[in-house]
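Everything below concerns the one structure shown next.
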Amino acid sequence: MAETPRVAAVGVGYSTTGRKTGLTSRKLAIQACGAAMADAGVDGTDVDGIAVLWNPAGPAPPGLDEVKALDLAQMMGYVPVNWHVDGVGPAYIGPALQAIAAIRAGFCHTCVTVRVINQRLSGTELKAGADATPSTGDEQFRRPFGQLLPLQAIAAMPMQRHMAVYGTTEEQFAQHAVTQRYHASLNDDAIFRDPLSVDDFLAMPYLSTPLRILDCDLPVDSGSAVIYTTEERARDLAQKPVFVESAAFSGTGYMAFEIEDMVKNAPFHTGRHLWERTDLTPADVDCAQLYDGFSIITFQWLEGLGFCGPGESGPFVEAGNTRLGGSLPLNTDGGACNVGRRHGTNFCIESVRQIRGQCGPRQVPDANVAVWANAVGPFGGAVLMVGE
Amino acid sequence: MDTLVKPPMPVPDALTEFFWEGVRAHKLMILRCRNCGHFIHYPRPVCERCLSEDLAPEEVSGRATLYSYTITMKPWHPFWVDKVPYVLATVELPEQEGLKMLTNLVECPHDAVEVGMPLEVTFREVGEGLTLPFFKPAGAV
Ligand SMILES: [Zn+2]
């Protein structure tokens with residue numbers, strides 16, 4: 001029996017990304033895969049696995065094309081593939097962990113992972129069609145009460161709970177947004193780059209207390225891809241390999257954000273397993289890239305992964321630890337609030353680029369250990385990555 | 001007010017019909033395991049604690065504490081156009097640690113809402129044919 005291979009991320013890439021690009025789902029996927037292949041220096045015949053997540057966050061508008069793993073593999077010249085996965089979520093952490101597991105198990109040696117987001121599938125774009133969502137299953141206990149958008153249960157109520165239990169403040173959430181915007185100002189690929197102040201943030205109206213629009217990520221059309229392979233193959237490719245040191249996932253349920261423990265959920269459970277599987281500790285991490293679908297999620301990951309104690313994320317952010325130059329530079333690309341929604345993939349890609357030393361003005365000096373995390377509440381996971 | 005705008009109507013199924021029947025009779029019913037006594041919400045066909053499938057609805061006290069809440073400012077559905085802001089709330093029932101349900105907090109000034117406050121159930125007709133179990137501050141008249 002062959003030894004379990006060490007897995008490396010060797011290629012990363014994005015599609016054209018932006019508000020209402022007009023690109024089809026397949027175009028976004030093709031562009032992202034092509035960019036990641038060029039980055040890695042591989043062609044289609046080098047790839048033998050594919051893991052894709054494309055799913056609508058509600059009813060898909062008529063005419064919207066789907067992205068399916070084998071369809072994409074055929075278009076990109078990967079076939080025959082030895083491994084394929086469609087639609088394992090909850091976000092990019094799904095395909096990433098599928099690829100890492102499949103390579104470790106020997107089902108394939110080189111796996112392309114893809115996350116495609118269509119802006120018009122996002123919750124806010126669906127509001128006009130709110131009536132169309134049937135209140136069946138668990139939705140019969142949500143929608144009649146006015147639980148209509150994810151932000152109410154995923155973000156606003158957990159924020160309120162965190163504030164009540166730990167004394168976290170709206171100013172601390174504002175400080176986080178200000179820090180992320182500063183990082184975005186150093187990233188040519190970011191969409192929002194103008195300076196932001198705490199006062200600017202607090203002057204925004206509430207959508208659903210205590211949450212404001214700047215607590216939310218930015219819906220865009222985006223395709224993102226990362227290629228993983230074995231250490232042996234990684235050595236022959238174009239980029240300095242970035243290795244998967246440890247990876248973990250936790251699931252406690254399905255979309256039951258509103259009735260589960262709102263402060264100790266998937267990030268908390270994931271953190272324990274992530275650190276059990278490595279000799280490294282949180283103190284060894286040079287930068288953290290922690291999902292910010294909503295700002296409270298980043299706070300939960302800071303605590304869940306042990307960068308600060310339970311309930312201490314607010315003061316930790318307020319003290320400046322998460323700013324470039326601080327003890328734990330966080331979301332150095334600017335986060336999805338500023339670069340646009342890639343459902344976690346940007347945090348993997350930024351980790352890889354930081355460890356490669358390719359981040360220009362936002363480079364963390366000598367970064368060699370990075371952790372990225374994705375998703376929250378009843379499901380989420382994290383990956384610890386290292387250079388040589 | 002446009003009385004033609006209907007709220008999102010729950011679509012009960014065999015597993016959940018008891019809850020809505022209870023609400024219509026102004027009773028808050030929660031599914032309970034007849035083998036080990038564990039309460040289960042949202043309704044599921046099995047007890048997560050003992051795996052018994054012998055489950056039956058039981059009326060609970062109607063008391064609760066406020067676990068968390070959000071005051072929603074925008075009407076993301078036509079029915080709420082004349083109802084914002086409203087207090088969407090998660091409440092914890094005293095019958096079992098961690099037993100929670102989603103509801104609305106009513107009869108409480110918005111600046112007096114506080115996590116941990118004691119509540120009690122109140123049944124409201126919100127639209128034609130729809131009664132919902134809301135919660136109000138305990139002892140409110
Ligand atoms: Zn039981």
Side-chain angles (χ1 to χ4, degrees), chain A residues 123-167 204-213 215 252-264 296, chain B residues 5-13 15-17 19-20 23 41-44 48 66-80 83-93 97-105 110 113-117 124 126-127 130-135:
Chain A
T124 47
E125 295 295 315
L126 285 169
K127 65 188 174 191
D131 261 338
T133 305
S135 302
T136 54
D138 289 348
E139 286 297 336
Q140 69 191 281
F141 300 104
R142 297 187 180 112
R143 295 180 56 77
F145 296 96
Q147 165 53 56
L148 301 166
L149 291 186
L151 65 86
Q152 295 163 289
I154 296 180
M157 284 199 281
M159 282 174 87
Q160 191 72 59
R161 178 76 186 171
H162 205 275
M163 291 166 68
V165 173
Y166 297 123
M204 303 288 287
Y206 294 118
L207 297 177
S208 195
T209 65
L211 179 132
R212 298 173 170 88
I213 189 83
D215 287 303
T252 62
Y254 182 71
M255 290 302 288
F257 291 84
E258 63 276 14
I259 58 167
E260 69 162 31
D261 187 320
M262 289 185 187
V263 294
K264 283 193 175 173
I296 181 64
Chain B
V5 177
K6 290 202 167 81
M9 295 297 287
V11 183
D13 51 45
L15 193 59
T16 66
E17 179 59 39
F19 183 89
W20 298 109
V23 165
H41 190 73
Y42 301 133
R44 294 289 182 264
E48 64 180 314
L66 184 62
Y67 180 83
S68 194
Y69 69 96
T70 180
I71 304 172
T72 294
M73 314 301 285
K74 304 240 177 197
W76 286 302
H77 181 290
F79 181 68
W80 276 271
K83 296 176 184 68
V84 289
Y86 61 96
V87 186
L88 184 68
T90 291
V91 300
E92 187 165 6
L93 309 185
E97 189 180 346
L99 180 66
K100 303 193 198 84
M101 62 176 286
L102 191 71
T103 184
N104 282 186
L105 175 56
H110 290 176
V113 181
E114 202 171 343
V115 169
M117 68 194 294
R124 289 279 184 89
V126 298
L130 179 60
T131 301
L132 292 176
F134 287 165
F135 281 77

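Proteins get letters first, then strands, A, B, ... in listed order; numbering begins at 1 in each.
- Proximity to chain A involves both the backbone and the side chain of B:Y67, based on heavy atoms less than 4.5 angstrom apart.
- The aromatic rings of B:F19 and A:F141 stand perpendicular to each other, their planes meeting at an angle above 60°, with 30° marking the opposite boundary.
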Inset, instruction - Under the salt bridge (charged side-chain N to carboxylate O under 4.0 Å, His left out) rule, what do A:R161 and A:D261 come out as? Steps first, then yes or no, please. - result: CA-CA 10 Å; A:R161 178 76 186 171; A:D261 187 320; over 6 Å; no
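- In terms of heavy-atom pairs under 4.5 Å with chain A, the best-connected choice from B:T90, B:D13, B:T103, B:L102 is B:L102.
- Counting heavy-atom pairs closer than 4.5 Å to chain B, the top-ranked of the candidates A:E260, A:Q147, A:M262 is A:M262.
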Inset, instruction - Assess whether side chain to side chain donor-acceptor pair (under 3.5 Å) is satisfied between A:Q152 and B:W76, documenting all intermediate values. - result: CA-CA 11 Å; A:Q152 295 163 289; B:W76 286 302; over 6 Å; no
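- Contact count versus chain A (heavy atoms, under 4.5 Å) is highest, among B:P85, B:P12, B:S68, for B:S68.
- Contacts with chain A were tallied for B:P133, B:G116, B:A89; B:P133 has the most, counting heavy-atom pairs under 4.5 Å.
- Of the listed residues (B:L88, B:N104, B:L130, B:V115), the greatest number of heavy-atom pairs within a distance under 4.5 Å of chain A belongs to B:L88.
- More than 12 non-hydrogen atoms from other residues, nucleotides or ligands lie less than 6.0 angstrom from CG of B:L15.
- Side-chain atoms of A:R143 never come within 3.5 Å of backbone atoms of B:P8 as a donor-acceptor pair (strictly under, hydrogens ignored).
- The contact between B:Y42 and chain A is made by backbone and side chain atoms together, counting heavy-atom distances below 4.5 Å.
- Residue contact with chain A, scored on non-hydrogen atoms closer than 4.5 Å, involves the side chain of B:R44 exclusively.
- Of the listed residues (A:A153, A:G146, A:G137, A:P205), the greatest number of heavy-atom pairs within a distance under 4.5 Å of chain B belongs to A:G146.
- The distance from the OG atom of A:S135 to the CZ atom of A:R142 is 10.5 Å, given to the nearest 0.5 Å.
- Considering only residues two or more places apart in sequence or on other chains, B:E114 meets the salt bridge (Lys or Arg N to Asp or Glu O under 4.0 Å) condition with none of them.
- Comparing B:E92, B:M73, B:H41 by heavy-atom pairs within less than 4.5 Å of chain A, the highest count is held by B:M73.
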